[in-house]
Amino acid sequence: MLLLTFADYLPQARRLAAQLACPCLEIGVHPFPDGESLVTLPTALPEHVLICRSLNQPNNKLIELLLSAKTARDLGAKRLSLIAPYLCYMRQDTANHPGEAVSQRIIGEVLAGLFDDVITVDPHLHRISALNQAIPLKNAISLTAANEIADFLKRQLDNAVLLGPDSESEQWVAGIAGKTGFHYAIAAKQRLGDTQVEITLPGCNFHGRIVVIVDDVASTGRTLAQAAVLLKRQGAKAVHAAITHALFCGNAEQQLRQAGVEHLWSTDSISHASACIRLDKLLANACRSLPDVC
Ligand code: R5P
């Protein structure tokens with residue numbers, strides 16, 4: 001077995017390869033002046049090749065993944081597994097307006113055509129319950145970082161209230177609450193636009209409490225920021241945030257600091273200064289549990 005990755009994901013991929021006791025090599029990418037990518041793989045490939053890279057900033061990465069997967073097959077790989085801790089294009093699972101692309105289904109079918117296995121963490125699935133409804137593969141495996149986040153929070157805090165900013169977050173927040181023993185509550189959210197959300201806190205008393213807002217993704221940061229502002233207004237003693245995927249687009253971090261978020265903690269699914277919760281053991285266990293893998 002060989003693990004391949006790209007320059008931007010080397011640290012995480014090396015940690016995963018160390019867990020799997022397999023070599024980790026880099027796929028070379030030369031960007032041409034016109035924006036195309038020349039992708040170069042090692043030429044000697046074993047039968048089973050894993051490609052590890054999160055698919056944030058997805059448009060270029062998807063093309064590089066397509067070129068890599070097809071080339072790996074040409075070079076003799078019989079089994080190809082994608083380890084994409086952050087999986088892109090999973091939110092648009094329906095056409096909300098006539099003519100809109102249902103990206104989840106389209107990208108899911110592309111990935112299923114390229115790979116034998118897809119492993120990801122906390123994908124944003126709204127209306128479907130299983131990843132293989134989006135990626136039609138027997139081995140479309142959706143993991144959760146809830147245990148890793150819970151273990152981390154337990155090491156940081158003796159007690160806290162966990163707040164999920166919207167109803168969808170309950171699946172993660174409840175799991176983390178169960179493992180930490182912390183209480184949790186769920187707010188209501190209405191999205192008014194890409195950078196506009198309206199949050200209503202649940203009717204519990206946050207005064208004097210340490211609150212950790214828990215979510216799967218922070219993109220513009222507006223969800224976390226709005227929730228933090230409301231919590232501070234209610235007299236929360238400290239507000240922290242723990243998320244799986246730190247996309248942090250534009251001025252997201254600035255928004256969070258201004259809103260009074262003290263600590264930002266995220267998993268290393270995406271390389272970011274807040275990425276202090278490692279996923280290598282979780283991913284390695286999933287790789288080992290694939291049929292015919294070490
Ligand atoms: C959406 O429902 C997700 O769980 C996140 O709450 C959302 O993606 C966060 O987006 P933003 O950071 O742009 O508010």
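Just so you know, ligand 1 is whichever comes first in the structure, and atom 1 is the first atom listed for that ligand.
Among all non-hydrogen protein atoms, the one lying nearest atom 2 (O) of ligand 1 is E168 OE1, 2.9 Å. Nearest to atom 13 (O) of ligand 1 among the protein's heavy atoms is T220 OG1, 2.6 Å. Of the protein's non-hydrogen atoms, the one nearest atom 8 (O) of ligand 1 is R91 NH1, 3.2 Å.
Heavy atoms of P165 stay at 4.0 angstrom or farther from ligand 1. Using a 4.0 Å heavy-atom cutoff, S169 is absent from the residues neighbouring ligand 1. Q226 does not count as a contact of ligand 1, since none of its heavy atoms falls under 4.0 Å from the ligand.
Heavy-atom contacts of V217 reach the following atoms of ligand 1: 5 (C), 7 (C), 9 (C) (cutoff under 4.0 Å). Shown in contact with A218 at under 4.0 Å from a heavy atom are these atoms of ligand 1, numbered in order with element: 12 (O). Under a 4.0 Å criterion applied to the non-hydrogen atoms of K189, ligand 1 contributes the atoms 1 (C), 2 (O), 5 (C), 6 (O), 7 (C). Every atom of ligand 1 is numbered from 1 in the order shown, and the set under 4.0 Å from a heavy atom of G221 is 11 (P), 12 (O), 13 (O). Atoms of ligand 1 found under 4.0 Å from any heavy atom of H124 (numbered from 1 in listed order, with element): 1 (C), 2 (O), 3 (C), 4 (O). Close approach of ligand 1 to T223 is summarised as follows: ligand atoms under 4.0 Å from at least one heavy atom of the residue are 6 (O), 9 (C), 10 (O), 11 (P), 14 (O).
The proximity of D216 to ligand 1, defined as any non-hydrogen pair under 4.0 Å, is limited to the side chain. Counting heavy atoms under 4.0 Å from ligand 1, residue L224 does not touch it at all. Using a 4.0 Å cut-off between heavy atoms, D215 contacts ligand 1 through its side chain alone, with no backbone atom that close.
Enclosure of atom CG in D74 by more than 12 non-hydrogen atoms of other residues, nucleotides or ligands within 6.0 angstrom is indicated. Taking a 6.0 Å sphere around CD of Q171, one finds it holds more than 12 heavy atoms contributed by other residues, nucleotides or ligands.
In this pair, H263 and W265 present their aromatic rings parallel. The plane angle is below 30°, not in the 30 to 60° band.
Put simply, the side chain of L162 reaches to within 4.5 Å of the side chain of L153, judged on heavy atoms. In this structure the side chain of L224 reaches within 4.5 angstrom of the side chain of I243, judged on heavy atoms.
Of the inter-residue distances, the one linking I83 atom CD1 with L20 atom CG reads 8.0 Å to the nearest 0.5 angstrom. Considering CD1 of I27 and OG1 of T71, their distance stands at 8.5 Å, rounded to 0.5 Å.
Looking at D166 and R191, no side-chain N of the basic residue comes within less than 4.0 Å of a carboxylate O on the acidic one, giving no salt bridge. D116 and R73 are joined by a salt bridge, as a carboxylate oxygen and a charged side-chain nitrogen come within less than 4.0 angstrom of each other.
Judged purely by atom type and a 3.5 angstrom limit, Q133 uses its side chain to pair as donor or acceptor with the backbone of A130.
Considering backbone and side-chain N/O of R191, one or more are found under 3.5 Å from N/O of ligand 1.
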